[in-house]
Amino acid sequence: MDNLNVTWLSCPTMTSTPEILVGQTLVLSTADPATAQHDSRGAVLIADGKVQAVGPAGDIRRAHPDVPVTDHRDRLILPGFIDAHVHYPQTAIIASWGKRLIDWLNTYTFPEEMRFGDPDYAEEIAARFFDISLGNGTTTVATYCTSHPESVTAFFTEAERRGVRAIAGKTCMDRNAPEALLDTAARAYDESKALIAAWHGRGRLGYAITPRFTPTSTDEQLHALGALWAEHPDCLMQTHLSEQTDEIAWVRELCPDARDYLDTYEAAGLLGPGGLFGHAIHLTDREKDRLRETGAALIHCPTSNTFIGSGLFDMSLARTHRVGLATDTGGGSSFSMLRTMAAAYEIAQLRGQSLHPAELLWLATGASAAALGQQHRVGQLKPGMEADLVVLDLASTPAIKQRADRADTIWETVFPTIMMGDDRAIHAVYVAGNRV
Ligand code: GUN
Ligand code: ZN
């Protein structure tokens, strides 16, 4: 599997004054705990928006005696979390009761998304979304917008204002949704193309061509977006794949000639290393093979999969496929990547797999960065990376503290926060070296 390396997101000039952050450091370069480096008194030197050095606090302080120090004491410094699949327009309808996928879309999602033709509303929700996701330690997202170009403009404008690295796209739909949300094949192509020209590669922003999923895109629209991707191969492409069995049966009815669900995308030119396939739960062997051969990424959305009753993602695919982790808010029931890691752990347990805390943390950072082709910029704590960081309080509630207090290893110390933590565990967040 080739390592996707998306080069388009240039690093803008980032200004942040030099600072040394002291705390526990945990450096992961893979999901394997044997390769992790933990320092109970570590430090991270940040300057110019980037990580300049990571090492023992004493060494870093001696080497840079004039640089101001922020001592986070025994809190844990990690790369900021990366949410590889989210729907910012669904912020206000998170935790809506009692439906499965298609009913949930029709009952809650589409009526809410219809409101995003109003730029004021889109701006309000984009700001609210960043407040909540940054408050949960998430510093990079790949989001769906709505079919309104205004919703994309509102999102990117807010991301740029806050200086965050973000990926987004206009959600294209030309069938099986309310009239007010439908575009056409030509409009999907034209509007997406104009948004790419306006936003892709601007500062820390990147564009993902975004057909919602086959049930809401005709073959003509999928082909138009495949052609657009061929013209802009350095964009990402995000969509949904095989989330629920009813959805797969519907795709079979809509596309009787396709070999399987993935084939509806593949035939349209929408399968490749920059492809992000949300959910990917009920896959055939052929689909798994093609996803691996093409280097596409599977995005695991565990709280969504339990909340809307979709199924149990097979984490053993991470051995052979590129796999990222995501909230899928508002199908997902949490904005927290801690809660999302916990749900990934629980789903794996139901499949007889036990994910190590290192695997969970890697999924939410380095693996999600790699899924988005951003592994050379974010997702790891090492020199040269952009200084998007989260500082975790590992004793944020009495229940977590009493368990962490009797831990012997860093893994035992961090696991209660992964399983029981929420935004109270987020002590500090840095975006491009600036505390937010
Ligand atoms: N499939 C198509 N659209 C959506 C969506 O908005 N959320 C989820 N979870 N699945 C989808
Ligand atoms: Zn989704």
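Note that ligands are numbered from 1 as they come in the structure, with each ligand's atoms numbered from 1 the same way. Predicted model only: the values in this text are computed from it and were never measured.
Contact between Trp104 and ligand 1 is present, with at least one heavy atom of the residue lying under 4.0 Å from the ligand. Contact annotation: Thr171 has no heavy atom less than 4.0 Å from any atom of ligand 1. Assignment of Glu247 to the shell around ligand 1 is not supported, since no heavy atom sits closer than 4.0 Å.
Near Asp328, the atoms of ligand 1 lying under 4.0 angstrom from a non-hydrogen atom of the residue are 8 (C), 9 (N). Near Glu243, meaning under 4.0 Å from any of its heavy atoms, are these atoms of ligand 1: 1 (N), 8 (C), 9 (N), 10 (N), 11 (C). Counting the atoms of ligand 1 from 1 in the order shown, those under 4.0 Å from a heavy atom of His87 are 5 (C), 6 (O), 7 (N). The distance from ligand 1 to the heavy atoms of Phe213 drops below 4.0 Å at these ligand atoms: 1 (N), 2 (C). Every atom of ligand 1 with a heavy atom of Ile308 under 4.0 Å away is listed here by number and element: 9 (N). Each of the atoms 1 (N), 8 (C), 10 (N), 11 (C) of ligand 1 lies under 4.0 Å from some heavy atom of Leu101.
Heavy atoms of Thr216 found under 4.0 angstrom from ligand 1: none, in either backbone or side chain.
Side chains of Thr327 and Asp83: a donor on one and an acceptor on the other come within 3.5 Å. Under the 3.5 Å distance criterion, with hydrogens and angles disregarded, no donor-acceptor pair is assigned to the side chains of Glu150 and Tyr121.
Judged purely by atom type and a 3.5 angstrom limit, Thr303 has no side-chain atom pairing as donor or acceptor with the backbone of Thr340. Side chain of Asp174 to main chain of Thr218: a donor-acceptor pair is present (N/O by atom type, distance under 3.5 Å, no hydrogens or angles). Judged purely by atom type and a 3.5 angstrom limit, Arg212 has no side-chain atom pairing as donor or acceptor with the backbone of Thr171. In this structure, Thr320 contributes its side chain and Leu317 its backbone to a donor-acceptor pair below 3.5 Å.
Nearest N/O/S atom of His85 with respect to the Zn ion (ligand 2) is recorded as NE2. Per residue Asp328, closest N, O or S atom to the Zn ion (ligand 2): atom name OD1.
None of the N, O or S atoms belonging to Glu243 lies under 2.8 Å away from the Zn ion (ligand 2). At least one N/O/S atom of His240, from backbone or side chain, sits under 2.8 Å from the Zn ion (ligand 2).
The shortest side-chain heavy-atom distance between Gln244 and Ile308 falls under the 4.5 Å cut-off.
The two residues Leu355 and Leu360 have their closest heavy-atom pair at CD1-CD2, 3.7 Å.
Of the residues listed (Leu195, Asp234, Leu205, Leu236), the one engaging His200 in a side chain to side chain contact (heavy atoms under 4.5 Å, CB included) is Asp234, and it is the only one.
With ring centers used as reference points, Tyr144 lies 6.0 Å or more from Phe213.
At the top of the distance list for atom 3 (N) of ligand 1, counting protein heavy atoms only, stands Arg212 NE, 2.8 Å.
Checked against a 3.5 angstrom limit, the closest N/O atoms of Thr109 and ligand 1 fall outside it.
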